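One structure below.
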Amino acid sequence: MTAGDRPPLTTVTLEVAHEARARRRWTVALPEEPGGTPELVAGLLEFADGEDDGGERLRVGGGRRLRVALLHGTDPRVAQALRRATLAAAAEVVVVIPAAPSSAFGERADLLRGARPDVVLAQADERGGDALVDLVEALRAGCAHQEPPPFVFAAGASARRVAVAADPFPVETLGDLRRPEALAVFVGRLRELRRGDDAVLVLRDEALEELARAVARSSGGPALVVDVTGGSTSLVRADAGGLILAAHVVPLGTGVAADRVVARAGLDRVRRWIPRAVDGPSLLERVFNRARWPDALAAGLPALALEIALAHEAIAHALADAAMALGAPTGALRDAPRIVLTGRLADLPRAAQSLLVALDALEPRAVATVSRERADGLVALGALAARTRSRGIGDPLGIAPQLERRAERLAVIAPLATRRTATLEVRRSSGKVSERVEPGTLTALPASGPVELVCVSPDLRGRGEAGRLGIVVDARGRPLALPPRDAERVPTVARWFAALDALPGGGA
Amino acid sequence: MSWRFARWTVEHELPFGSSEHARVGDRVAAGATLATGTAVRGAVRVTGARRLGVAPADLPRVTRVAVGAEVARGTVLARTGRRFARAVTAPFAGRVVHLSAEGDFWLAPVVERWLVRSTMAGEVVRATDATVVVEGGAWSLGGIAAYGPDAVGGLVIGVGGAGEELSPHRVDVRLRDRILVGGARIAAEAVTRAHACGVAGLVAGAVPAGGLRTVYGDDVAAAGGPSREDRPTLLCLAGFGAGPLPAEIFEPLTVLAGSLAAIHVASARLFVFAPADVGDLAHDAPALVLAGDFGSVHPLSGPLRAVEHARFASEHEGPGIAGANGTVPRANVLPFDAAR
């Protein structure tokens with residue numbers, strides 16, 4: 001059979017949705033063999049008001065935004081389990097009410113009415129059952145006329161009583177959400193609700209989880225995917241066995257959820273990452289305008305600096321949420337030897353900008369190779385893997401060979417928390433060199449390809465693949481400290497930007 | 001199209017504790033009372049079915065008062081038997097706010113009353129204890145965000161032109177119960193002064209975000225949202241910072257001045273109750289462009305040209321729109337009435 005005899009290549013369109021109108025349209029070549037892996041061919045940024053070819057398509061997006069109310073008992077482990085469940089399911093928590101004995105029936109009913117939850121997740125231990133039932137009564141009173149009525153998930157020991165109290169709302173009972181099986185069922189159900197009847201939708205969080213699995217598989221070790229979009233921030237860690245630890249925080253991002261970042265972090269904490277003096281009111285105006293302007297592009301330097309600052313805080317808060325909800329130290333997320341950046345974070349104009357955000361916000365504590373996606377390519381691959389898994393045809397991790405093509409390798413990072421001058425040995429196939437590292441510095445060393453980094457004091461050892469920015473040695477210490485006064489802070493942050501050549505015009 | 005006369009369906013959400021509300025089919029005027037109720041604070045549970053010895057499902061059969069009813073102290077809430085009667089009575093004067101699935105009453109003292117007014121003139125098409133929906137015809141203009149409670153009042157222009165800022169000195173008590181139109185910007189000082197003078201609501205191209213925090217608190221969101229507290233009502237039409245209004249938006253406001261108007265905060269929309277043939281007001285407004293530093297919004301006018309690929313000062317690249325003042329990212333240009 002010659003090339004001319006081959007059947008024509010079958011393609012579908014895969015759209016990676018941005019905030020509103022913008023989307024990246026990828027052409028995907030379908031495999032000729034059943035069970036083969038689809039392949040990305042070409043991507044193009046478009047706006048939804050453009051022409052639609054009407055062909056077969058898949059879409060990657062956030063799905064229906066679900067507003068979730070959490071009703072929990074006094075046991076902090078239950079509260080933590082409920083938080084964990086909503087983070088894993090990328091749901092927006094609009095109200096959290098602990099079921100303590102209280103006479104605030106009307107206040108709670110009013111609160112729940114105002115929150116208009118799409119989903120209510122209720123769990124208490126045996127002792128907290130009475131108080132939880134009272135809370136569900138307040139829900140029933142407050143949301144009695146809500147259209148559509150809230151969907152109640154009753155979990156744990158009091159589930160049956162809650163189900164009776166919640167009637168006539170739709171109710172589903174679950175096991176104890178502290179157990180992984182019940183958690184998985186809940187996350188699956190919430191994802192179904194978010195997808196609704198949209199048969200062509202692949203949820204972005206599912207795509208990210210598949211991407212993390214594929215990166216972990218291809219690198220042979222744990223991998224962390226850091227995704228910052230206009231409206232969401234995700235941290236997904238996968239180990240080589242495919243086990244996922246995920247926090248999808250919604251709404252929290254650099255675009256339509258920019259004001260949420262400021263609400264959570266405070267204006268000063270966002271402002272501290274900007275390498276120039278800027279007054280609070282002006283900054284707040286930019287944040288509010290960006291929040292009401294979906295898909296807006298930072299055309300000027302002040303807007304770009306804001307976007308970078310917002311990304312810093314979005315990741316830091318996602319990390320804090322993950323630590324609280326997962327009940328695990330953030331070390332598991334910070335120590336991944338492979339870090340992949342996606343979304344708006346990967347779309348920053350300079351590679352150094354993406355890297356600097358990851359370094360500052362994640363504060364990695366081990367040697368890691370950092371990459372970023374090109375043009376939504378990795379999220380698109382993750383979506384193809386998610387689709388393959390949901391259909392049960394082929395190997396979802398078959399996308400692994402395509403990862404390198406859709407990513408840009410940025411650097412190997414070497415975090416050296418040292419108070420004295422340290423010596424870092426860089427071993428390559430061509431030999432080894434020693435570099436002196438001064439405390440408090442951020443330095444980029446030119447390098448490419450596989451390297452091994454060794455430092456005796458402080459102890460640091462690891463391998464990685466140097467990229468466009470070579471090896472970045474971060475001796476600024478942990479936790480990263482920023483001077484509180486502008487006069488000291490601005491030069492410090494500007495120096496960090498300048499060290500990696502991260503802002504046009506040298507930073508300040 | 002930005003200004004248009006149409007039939008609008010306006011949803012009014014009610015707080016918990018509604019006592020009475022308009023019925024479907026009622027005709028209401030803008031500003032008319034749609035519902036009244038009481039704030040429910042400090043509700044207590046009164047044991048019902050267990051005290052009476054009946055199953056929870058049977059409690060409604062022996063209940064003597066309806067949920068929502070106001071009762072005096074000692075009022076019999078439910079009663080069983082004839083010769084050896086058992087009864088549940090109200091321990092204090094208040095309202096029965098809920099009947100639980102386990103057969104208990106929730107009774108709350110009446111501490112405060114509320115009422116909800118209509119922001120539309122027309123007919124009630126849906127009414128429950130949680131929502132009253134009114135449908136009617138009006139001129140309307142959508143904004144990007146609104147803050148505070150709904151407002152109704154006569155429309156007054158407070159500036160000489162679309163590009164002016166509303167000066168606090170132009171606000172006094174003669175503007176009480178009016179909806180005052182500012183120009184490109186209303187600063188926090190003018191907002192607080194207007195509220196102190198009893199102005200019902202304010203409309204402007206833009207408001208300073210820092211000023212919003214001063215007036216509404218640090219947790220104010222860009223998208224705004226309704227509140228029930230005694231706060232100023234503010235409708236922001238274009239953006240934050242400064243936002244000069246295009247003539248296609250501002251001039252109809254001057255034509256409609258003097259008419260009754262309403263700000264519906266949940267939908268961030270201004271309604272003006274004037275005849276459909278009041279003038280030729282429905283014109284396409286120019287698109288709005290977000291400034292490169294995100295600090296302001298302004299109308300994009302003059303000859304425009306699509307650019308497939310542009311590189312901006314930030315080094316971001318993408319499709320653009322070229323005009324007299326240079327090329328801006330296409331993503332930063334939105335129709336005046338774009339859905340956000």
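Everything numeric here is computed off the predicted structure, so don't read it as measured data. A, B, ... follow the sequence lines: proteins, then strands. Residue 1 opens every chain.
- Using a 4.5 Å cut-off on side-chain heavy atoms (C-beta onward), A:Arg21 and B:Leu334 make contact.
- Considering all non-hydrogen atoms of both residues, A:Leu297 and B:Phe294 come closest at O-CE2, 3.5 Å.
- Atom CG of B:Asn325 has 12 or fewer heavy atoms from other residues, nucleotides or ligands within 6.0 Å.
- Closest of all the heavy-atom pairs between B:Asp129 and A:Arg113 is O-NH1, 3.2 Å.
- Residues B:Pro208 and A:Glu285 have side chains in contact (heavy-atom distance under 4.5 Å, counting atoms from C-beta outward).
- For the set A:Glu147, A:Arg290, A:Arg140, the entry with the most heavy-atom pairs within less than 4.5 Å of chain B is A:Arg140.
- Salt-bridge check for A:Arg116 with B:Glu13: passed, with a basic side-chain N closer than 4.0 Å to an acidic carboxylate O.
- Once rounded to the nearest 0.5 Å, the distance linking CZ of B:Arg41 with CD of A:Glu107 reads 5.0 Å.
- Here B:Glu315 contributes atom CD and A:Leu301 contributes atom CG; the two are 8.0 Å apart, rounded to the nearest 0.5 Å.
- Looking only at side-chain heavy atoms (C-beta outward), A:Asp134 and B:Trp106 come within less than 4.5 Å of each other.
- At least one side-chain heavy atom of A:Phe47 sits under 4.5 Å from a side-chain heavy atom of B:Pro319.
- Heavy-atom proximity under 4.5 angstrom to chain B picks out A:Arg161, A:Val164, A:Ala165 from residues 158-167 of chain A.
- Scanning all heavy atoms of the two residues, the minimum distance from A:Pro504 to B:Ala313 falls at CG-O, 4.3 Å.
- Other residues, nucleotides and ligands contribute only 12 or fewer heavy atoms inside 6.0 Å of the CD atom of B:Glu20.
- For A:Gln146, no part sits under 4.5 Å from any heavy atom of chain B, backbone or side chain.
- Heavy-atom distances place no part of B:Ala310 under 4.5 Å from chain A, backbone and side chain included.
- Heavy-atom pairs under 4.5 Å with chain A were tallied for B:Asn332, B:Val40, B:Ile144; the largest tally goes to B:Asn332.
- With a 4.5 Å cut-off on non-hydrogen atoms, B:Leu288 touches chain A through its backbone and its side chain both.
- Ring geometry, B:Phe240 versus A:Phe288: the interplanar angle exceeds 60°, so the pair is classed perpendicular (tilted spans 30 to 60°).
- In this structure, the portions of B:Val220 lying under 4.5 Å from any heavy atom of chain A include both its backbone and its side chain.
- Each of B:Ala209, B:Gly318, B:Ala108, B:Gly210 has some count of heavy-atom pairs under 4.5 Å with chain A, and the biggest count is that of B:Ala209.
- A:Trp293 places a side-chain heavy atom less than 4.5 Å from the side chain of B:Val297.
- Two residues are said to be in side-chain contact when any heavy atoms from C-beta on lie closer than 4.5 Å; A:Leu267 and B:Arg213 meet this criterion.
- For chain A, no part of B:Asp218 is nearby; none of its heavy atoms comes within less than 4.5 Å.
- Proximity to chain B (any heavy atom under 4.5 Å) is restricted, for A:Val133, to the side chain, taken from C-beta onward.
- If you measure heavy-atom distances from B:Ser296 to chain A, the contacts under 4.5 Å come from the backbone alone.
- Rounding to the nearest 0.5 Å gives a distance of 8.5 Å between NE2 of A:His145 and OG1 of B:Thr131.
- Interface remark: B:Arg45 contributes side-chain atoms only to the contact with chain A (heavy atom separation under 4.5 Å).
- Using a 4.5 Å cut-off between heavy atoms, B:Asp219 makes no contact with chain A at all.
- Counting heavy-atom neighbours within 6.0 Å of A:Arg67 CZ, excluding the residue itself, gives a total above 12.
- Residue B:Glu11 qualifies as enclosed at atom CD: its count of foreign heavy atoms under 6.0 Å is above 12.
- At least one side-chain heavy atom of A:Leu304 sits under 4.5 Å from a side-chain heavy atom of B:His316.
- Minimum interatomic distance between A:Ala303 and B:Gly292 (heavy atoms only, all atoms of both residues): CB-O, 3.2 Å.
- Contact of A:Leu283 with chain B is not made at all, since no heavy-atom distance falls under 4.5 Å.
- Chain B forms more heavy-atom pairs under 4.5 Å with one residue of A:Ser282, A:Ala305, A:Ala296 than with any other, namely A:Ala296.
- Atom CD of B:Glu229 sits in a crowded spot, with more than 12 heavy atoms from other residues, nucleotides or ligands closer than 6.0 Å.
- Contact of A:Ala20 with chain B is not made at all, since no heavy-atom distance falls under 4.5 Å.
- A:Asp110 has its side chain within reach of B:Arg228: a pair of non-hydrogen atoms, C-beta onward, lies under 4.5 Å apart.
- No other option in B:Ser314, B:Gly295, B:Ala39, B:Ala101 has as many heavy-atom pairs under 4.5 Å with chain A as B:Ser314.
- A distance-only check finds a donor-acceptor pair linking the side chain of A:Asp259 to the backbone of B:Ala222 [under 3.5 Å].
- At a 4.5 Å heavy-atom cutoff, the contact between A:Leu284 and chain B is made by backbone and side-chain atoms alike.
- A pairwise comparison of heavy atoms in B:Phe312 and A:Ala299 identifies CB-O, 3.6 Å as the closest pair.
- In this structure, no portion of B:Pro226 lies under 4.5 Å from any heavy atom of chain A.
- Looking at every heavy atom in both residues, B:Phe16 comes nearest to A:Ala141 through CE1-O, 3.5 Å.
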